[in-house]
Amino acid sequence: MLKQMEGSVAVAEAVALCRPEVICAYPISPQTHIVEGLGALVKSGALEPCAFINVESEFAAMSVAIGSSATGARTYTATASQGLLFMAEAVYNASGLGLPIVMTVANRAIGAPINIWNDHSDSMSQRDSGWLQLFAESNQEALDIHIQAFKLAEELSMPVMVCMDGFILTHAYERVDIPTQEQVDGFLPPYEPRQVLDTAEPVSIGAMVGPEAFMEVRYLAHAKQTMALERIPEIAREFEASFGRAAGGLVRRYRTEDAETIVVALGSVVGTLEETIDAMREQGVKIGLLSIRSFRPFPLAAVRAALQHAERVVVLEKSFSVGLGGVVSTDVRLALSGIQLHGYTVVAGLGGRSITQASLERVLAEAVADKLEPLTFLDLDWGIVNRQLAREAAMRRSGPIAENLLRDLGTVQAKVH
Amino acid sequence: MTQPVKFYQTGTFTVGNRLLSPDERTVQASINRNNSLNSGHRACQGCGEALGARYAVDAAMRATGGQLMAANATGCLEVFSTPYPETSWQLPWLHSLFGNAAAVGTGIAAALQVKAEKAGKARSDVRVIAQGGDGGTTDIGFGCLSGMFERNDDVLYICYDNEGYMNTGVQRSSATPPAARTATTQALGDAPGAPFGQGKNLPLIAMAHEIPYVATATVADLRDLEAKVEKAMTFHGARYLHVFVPCPLGWGSAACDTIKLARLARETGIFPVFEAENGAVTEVTKIRHRVPVEAYLRPQKRFAHLFGDPGHPETVARIQAAADRNIERFGLLDEKARP
Ligand SMILES: Cc1ncc(C[n+]2csc(CCOP(=O)(O)OP(=O)(O)O)c2C)c(N)n1
Ligand code: SF4
Ligand SMILES: [Mg+2]
């Protein structure tokens, strides 16, 4: 059914259609509306029997999820930013134990400085945890990927993170197609755990494992993700067959066939990029786009296949490895090993900085002319950066950094170009 | 306290099994015993935690007809019981992290409840315990524990209190008593050992959550421990049992003195043994034969600096004052036994 609704509400409805049995809720923007929506569905009786637990922290949210998932319940939670970091120990534990929890990460920057707006630093920080990470381009896709995520997680017995851009998607009202319960039931079978706490067949889960088997256990997590490289596109095809629309998959190409320049990106920014690419194509620039939808497992082969005939690749990412540069770029480079082409990293949109079509066109034109710095920060305000550097060079007690910059800026609107 | 019997053995002042009616006796080995924590684990000789866990979990198994699951925090109990692949646990058992056993217990209980409702039952027949050491309970797991209490989740949490982080080599926790030497409160300087005026009383904090049942016990009274576990299982909602478990390795005590030290902790007033329901104390175990704290402190190397030359008699006096305060506060002395 077509409905006009907020992205968070759409996700809540999608999760509800998956018949979750335990939901753990802890508030953090921009994820709150999702669990609020689910809470209302449980409280009204629409989703019974389902336990909706208001926990005391994200660490508890993931810990409760670990307990319920190990007891055979389909389990869901959502978080973002500081919340994801606060639960990090349990995030690794859930994947180490092989528990198919599904969690939405409403992508948001990590402080300090505290910032509630969107970038991908939070989920990228858990890149190596063993969780699968799927990125949504739109609200419709976010909704659809959640339904696929439960299937994928439970088949593999591995947890899946669905990453959707905070505010940009979670708080945007868009038209979405909500499937029927029958459609979802036909696609997603009831959860059959591989391992479960059961008094009829007692098992110990979470035993101490020494050097004799630890590497093998970790390798098996990698083996599962390797299997996911095949299952993710298959599940996307099955989804398309039952629901009549495409969603998910490993990557999506846009106008890459004859492209000399290909931009690689994740999440909602691909919408703006498509329009930028259309505009540049009209000016005769042979440029295309590769949207990475599965960041973990990272689809090395699909990325290589998409990029290998290009002359240059621009990775536009909302994440930043301080002291190195790109996060996604490193993986993309690995996919291109042995292939000579120009590679650029554009770090953009940190802390919610708008990524405008005008800025993209400017930076991509520089890339096409091979005049771009290998590591570029889109729309960085060099004025306040240099002023702070000068201040620090001039005096020892230069004061708190963020506050200095804010004072230099004066009272302004949030930085939108 | 369940024992009205007044026949005590000379010397130990314990109640001998022979003096009790058969249904009140503690049975160590029987074919009916579940042995939930089976023999062959790797605890130190004389480990109070192993003893306490064996009796507590078996009692919970009996009380639930074997329909029991456990969440376990990281710590000695977890490490000595599960060297891969020789698990000692004879019940569904899940170890996740150091600080989240209570929350994992909540998750297990929630899943069981949903499964029960789906099967048309009002309540799950399977019950849940969560357990950990004092560090996993009073320090790093405190947030999760308080959350579980506050939501009144249907979990019995059992803390095995050996008064320190034993698994990592005997460091101070918020359950470490004043003056005790640990690896991070060395017996050095003017005030050797752990400082006075710190630490927290978790049974009282648990009571402040007004949960249905809170109790303390020691491994000196195994029958009392069992009875409290059984009683805890008659309640639904959050329950807390704090078990005093001497640790020969961490305390520098003889392996054969574990029970004796647990008894002395109770008989000096250092560790009050009581029960509480909905935030109010309902029963206390009276001291049978009051002894000065010195009798409890002397056999433990962690307090050795108090008794050397010159020693710290003023510190022993402060510990005695704290024990006296417990005796007053909880009414631990039988009126008749008062000097
Ligand atoms: C987050 C985290 N911090 C620290 C540790 C290290 N650690 C493991 S067990 C333990 C001590 C456990 O002490 P306690 O809970 O009192 O149990 P005990 O070993 O004394 O029975 C510590 C500090 C850990 N595993 N995880
Ligand atoms: S160190 Fe203490 S608690 Fe740990 S196994 Fe040994 S005696 Fe038991
Ligand atoms: Mg301890």
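What's counted below: heavy atoms across the whole structure, side chains too, no hydrogens, waters or symmetry copies. Below, chains carry the letters A, B, ... as their sequence lines are ordered, and counting in each starts from 1. Small disclaimer: the values here were computed from a predicted structure and weren't measured.
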Consider only side-chain N and O atoms of B/T106 and B/D153, and report whether a donor and an acceptor are under 3.5 Å apart. yes
Find the one option among B/G107, B/A111, B/C144 whose heavy-atom pairs under 4.5 Å with chain A are most numerous. B/G107
For A/E48, look at atom CD and say whether over 12 heavy atoms of other residues, nucleotides or ligands are found less than 6.0 Å away. yes
Charged N to carboxylate O below 4.0 Å: is that the case for A/R194 and A/E154? no
Does A/K151 make a cation-pi contact with A/F187 (under 6.0 Å, within 45 degrees of the axis)? yes
Max heavy-atom pairs within cutoff under 4.5 Å with chain A, candidates B/L97, B/V104, B/V128, goes to B/L97
Taking side chain as everything from C-beta outward and backbone as N, CA, C, O, which of these in A/I66 sits under 4.5 Å from a heavy atom of chain B? Side chain, backbone, both or neither. both
When only heavy atoms count and the cut-off is under 4.5 Å, which of residues 68-76 of chain B reach chain A? B/L68, B/M69
Can B/K200 be said to sit on top of B/F142's aromatic six-ring, NZ or CZ under 6.0 Å from centre and within 45° of the ring axis? yes
Kindly confirm or rule out a cation-pi arrangement of B/R33 over B/Y55, judged by NZ or CZ under 6.0 Å from the six-membered ring centre and within 45° of its axis? yes
Portion of A/V22 that has a non-hydrogen atom of chain B nearer than 4.5 angstrom: side chain
Under 3.5 Å, is there a donor-acceptor pair between the B/N35 and B/R54 side chains? yes
Heavy-atom proximity to chain B below 4.5 Å, by part of A/S57: neither
Name the region of A/A70, side chain, backbone, both or neither, that has any atom closer than 4.5 Å to a heavy atom of chain B. side chain
Taking the six-membered ring for Trp, are B/Y240 and B/F149 ring centroids under 6.0 Å apart? yes
For the student: nearest non-hydrogen atoms of A/A149 and A/V162, plus distance: CB-CG2, 3.8 Å
Any side-chain donor near an acceptor of the partner, B/D134 and B/T138, under 3.5 Å: no
Given salt bridge (Lys or Arg N to Asp or Glu O under 4.0 Å), test B/D154 with B/R239 step by step and report yes or no. CA-CA 8 Å; B/D154 193 17; B/R239 290 141 291 144; 2.9 Å; yes
Less than 4.0 angstrom from a charged side-chain N to a carboxylate O is my criterion; do B/R62 and B/D58 meet it? no
Chain A contact via B/Q67 - which portion, at a heavy-atom distance below 4.5 Å: both
Using non-hydrogen atoms and a limit below 4.5 Å, what part of residues 74-95 of chain A faces chain B? A/E89, A/A90, A/N93
Looking at A/Q31 and A/I28, would you say the former's side chain and the latter's main chain have a donor-acceptor pair under 3.5 Å? yes
